[in-house]
Amino acid sequence: MGPIDVKPDPWQRLVAIGSILSVLFVAIGLYITNEANRQTSEANREQQRLTAQGQITDRFTKAVEQLGQPGPEKVDVRLGAIYALERIMRDSADDQPAVVDILTAFVRVHSPAPKRLTPPSPLTIDIQAALTVLGRRDSTHDNKGGPKGPLRRVLDLAKTDLHSASLAGASLAGADLPEADLRGADLTAADLTGADLTAAILVDTNLAGADLTHAHLPGAILYANLRGANLIGADLHGADLSSAKLTGANLADANLTRADLATVNLTDAYLRGAYLRGAYLRGADLRSADLTDANLTCARTNDRTRLPEGVARPAPCD
């Protein structure tokens with residue numbers, strides 16, 4: 001029996017082609033529908049973003065206007081403005097630099113450092129509120145919306161009266177605080193890494209546990225509580241530390257050239273690699289301090305200066 005010659009059915013072929021075309025049409029329809037939905041969703045999101053940004057702009061403008069209202073009778077209005085600006089920082093990281101600039105300008109204008117060291121006037125509630133908001137901001141957003149690169153923004157609080165301010169645990173890294181009056185301020189455990197405190201007044205200031213790594217304090221008056229403070233690499237050239245509490249402070253690699261440490265208790269202080277050339281150490285107690293690799297050249301001592309066992313008393317210089 002010979003092979004059976006089976007010829008394809010034309011109708012079956014048409015049905016198969018029709019099925020394929022139907023699948024393609026459905027796929028194309030789904031693609032077009034999905035693309036249209038995607039574009040609609042993107043348009044909706046963009047509209048929502050623009051609406052939200054417009055709302056933030058309106059809130060920002062209103063808060064700035066309220067912050068500028070003068071007089072003690074408007075303090076509640078200014079407080080509301082300060083906390084409204086804080087909310088804007090949280091809602092929009094890109095707007096944080098502008099908010100920081102406004103709040104620091106508010107403090108500089110309304111609480112300037114006194115020209116003479118007179119008894120300070122009370123710190124107003126709105127100034128304290130602005131400082132609190134600045135101190136607890138998310139500092140990782142300080143460069144949002146700004147130029148790219150390693151440069152970071154700082155808090156410009158130069159020549160301000162911040163006496164008795166409550167800034168415990170505040171984020172003040174890189175802050176500009178030259179000639180600031182910080183008498184009696186609470187800076188316990190504050191982050192002052194790299195802060196500029198040149199010629200700042202730190203009398204009766206609580207800096208216990210504060211981080212002052214690589215801070216600049218030349219000429220500062222530091223009659224302050226610095227117990228356990230981190231002052232690694234800090235610039236204390238010519239600083240007055242004669243009434244400071246430095247027990248257990250970390251002053252490794254700090255620049256203490258000609259710093260006044262007379263009668264200071266440096267028990268358990270860490271001064272490894274510190275530069276103490278010409279420092280005033282008359283009456284200072286360094287018996288249990290770590291002075292490994294410290295430079296004591298020309299440091300000024302007397303018979304009441306207590307040095308660790310094995311550390312030679314520096315020779316006087318002309």
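Sequential numbering from 1 along the given sequence is applied to the chain's residues.
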Worksheet item: Between P112 and D161, what is the shortest heavy-atom contact and its length?
Response: O-CB, 3.3 Å
Worksheet entry | CZ (R306) with more than 12 external heavy atoms under 6.0 Å | no
Discussion item. Would you say that more than 12 heavy atoms from the other residues, nucleotides or ligands in this model lie under 6.0 Å from the CZ of R313, or not?
Written reply: yes
Worksheet item: Would you say the side-chain atoms of R137 pair up with the backbone N or O of L134, donor to acceptor, closer than 3.5 Å?
Response: yes
Fill in: L212 side chain reached by L226 side chain, heavy atoms, under 4.5 Å
yes
Worksheet entry | Exceeds 12 heavy-atom contacts within 6.0 angstrom, atom CZ of R258 | no
Worksheet entry | CA sep, side-chain torsions, deciding dist, call: D186, S166, side chain to side chain donor-acceptor pair (under 3.5 Å) | CA-CA 5 Å; D186 184 4; S166 179; 5.0 Å; no
Practice prompt. Could you tell me whether a side-chain N or O of D176 sits under 3.5 Å from a main-chain N or O of P178, the two making a donor and an acceptor?
Written response: no
Worksheet item: Between D94 and S92, is any side-chain donor less than 3.5 angstrom from a side-chain acceptor?
Response: no
Worksheet entry | Contact check, side chains of T132 and E86, non-hydrogen atoms, under 4.5 Å | no
Worksheet item: Any side-chain heavy atom of D142 within less than 4.5 Å of one from Q96?
Response: yes
Worksheet item: Will you find, in the side chains of T305 and N302, an N or O donor that is under 3.5 Å from an N or O acceptor?
Response: yes
Worksheet entry | R304: partners by salt bridge (charged side-chain N to carboxylate O under 4.0 Å, His left out), with sequence neighbours left out | none
Item to complete: Go through the steps for S111 and F106 under the test side-chain contact (heavy atoms from CB on, under 4.5 Å), then give the verdict.
Response: CA-CA 8 Å; S111 189; F106 176 76; over 6 Å; no
Worksheet entry | Non-hydrogen atoms of L291 and P308 that approach each other most closely | CD1-CD, 3.5 Å
Discussion item. I'd like to know if the side chain of T205 reaches the main chain of L182, judged simply by a donor and an acceptor atom lying under 3.5 Å from each other, with no hydrogens or angles considered.
Written reply: yes
Fill in: Nearest atoms (heavy-atom pairs only) where H216 meets G194
CD2-O, 4.2 Å
Discussion item. With heavy-atom distances below 4.5 Å as the criterion, would you say the side chains of L231 and L217 are in contact?
Written reply: yes
Practice prompt. Taking the side chain as every heavy atom from C-beta outward, state whether R108 and K159 have any atom pair closer than 4.5 Å.
Written response: no
Worksheet item: What about V107 and V99, same hydrophobic cluster or not, with Ile/Leu/Val/Met/Phe/Trp/Tyr joined at side-chain heavy-atom distances under 4.5 Å?
Response: yes
Item to complete: Would you name the heavy atoms of A259 and L241 that are closest together and state the gap between them?
Response: CB-CD1, 4.3 Å
Item to complete: Evaluate the side-chain proximity of L222 to L207: yes if any heavy-atom separation is below 4.5 Å, no if none is.
Response: yes
Discussion item. For D290 and R272: C-alpha separation, side-chain torsions, deciding distance, then whether salt bridge (Lys or Arg N to Asp or Glu O under 4.0 Å) applies.
Written reply: CA-CA 6 Å; D290 186 347; R272 184 182 288 259; 3.3 Å; yes
Practice prompt. Give a yes or no on whether L246 and I232 share a hydrophobic cluster (residues Ile, Leu, Val, Met, Phe, Trp, Tyr; joining criterion: side-chain heavy atoms under 4.5 Å apart).
Written response: no
Worksheet item: Just by modelled atom types, is the D268 backbone N or O under 3.5 Å from a matching donor or acceptor in the S288 side chain?
Response: yes
Worksheet entry | Steps toward side-chain contact (heavy atoms from CB on, under 4.5 Å) verdict (I102, L85) | CA-CA 9 Å; I102 288 168; L85 288 169; 4.3 Å; yes
Practice prompt. Kindly indicate whether the side chain of L296, heavy atoms from C-beta on, has any atom under 4.5 Å from the side chain of T301.
Written response: no
Worksheet item: Going by the side-chain hydrogen bond (donor to acceptor under 3.5 Å, both in side chains) test, which pairs reach into residues 64-80, not counting sequence neighbours?
Response: R78-D126
Discussion item. Tell me the closest heavy-atom pair linking A185 and L162, and the distance in Å.
Written reply: CB-O, 3.9 Å
Practice prompt. Specify the closest pair of heavy atoms between T104 and D156, including all atoms of both residues, with the distance to one decimal.
Written response: CB-O, 3.6 Å
